[in-house]
Amino acid sequence: MNKWSIDRFEEHLAVLLSDTQETRTVLRSVLPPEAKEGEIVGFSDGRWVLLPEETERLRRELFSLQESLFDE
């Protein structure tokens with residue numbers, strides 16, 4: 001399953017960015033209603049689903065990177 005980050009919302013649209021840097025625009029209404037910018041989603045069984053484990057993994061990875069930059 002491809003993983004997509006919710007880059008931003010623009011009115012009734014959501015702009016998604018894939019892990020291969022591909023951009024896709026979808027109707028905001030096709031995403032889970034609780035979806036927020038920065039969360040990771042995937043397309044499975046004909047619908048978009050939140051991937052909370054992936055979102056948390058990415059947040060930890062980015063936090064660790066940020067810490068390492070300030071530790072230098």
Q: Answer yes if Leu17 and Leu58 sit in the same cluster of Ile, Leu, Val, Met, Phe, Trp and Tyr residues linked by side chain heavy atoms under 4.5 Å apart, and no otherwise.
A: no
Taken in chain and number order and not counting sequence neighbours, the residues that satisfy side chain to side chain contact (heavy atoms under 4.5 Å, CB included) with Arg47 are Val49
Separation between CG (Leu51) and CD (Glu56), nearest 0.5 Å, reads 13.5 Å
Side-chain ion pair, Arg59 and Glu61, N-O less than 4.0 Å
no
Taken to the nearest 0.5 Å, the spacing of Leu62 CG from Arg57 CZ works out to 9.0 Å
Separation between OG1 (Thr55) and NZ (Lys3), nearest 0.5 Å, reads 10.5 Å
Show, in sequence, the C-alpha distance, side-chain angles and deciding distance for Glu10 and Arg8, and conclude whether the salt bridge (charged side-chain N to carboxylate O under 4.0 Å, His left out) test is met. CA-CA 7 Å; Glu10 296 178 352; Arg8 65 187 178 278; 2.6 Å; yes
For Val41, the hydrophobic cluster (side chain heavy atoms closer than 4.5 Å, chained through members) also holds Trp4, Ile6, Phe9, Leu13, Leu16, Val26, Leu27, Val30, Leu31, Phe43, Trp48, Leu50
Sorted by chain and residue number, the side chain to side chain contact (heavy atoms under 4.5 Å, CB included) partners of Ser5 (sequence neighbours excluded) come out as Ile40
dist Glu39:CD -> Glu37:CD (nearest 0.5 Å) comes out at 10.0 Å
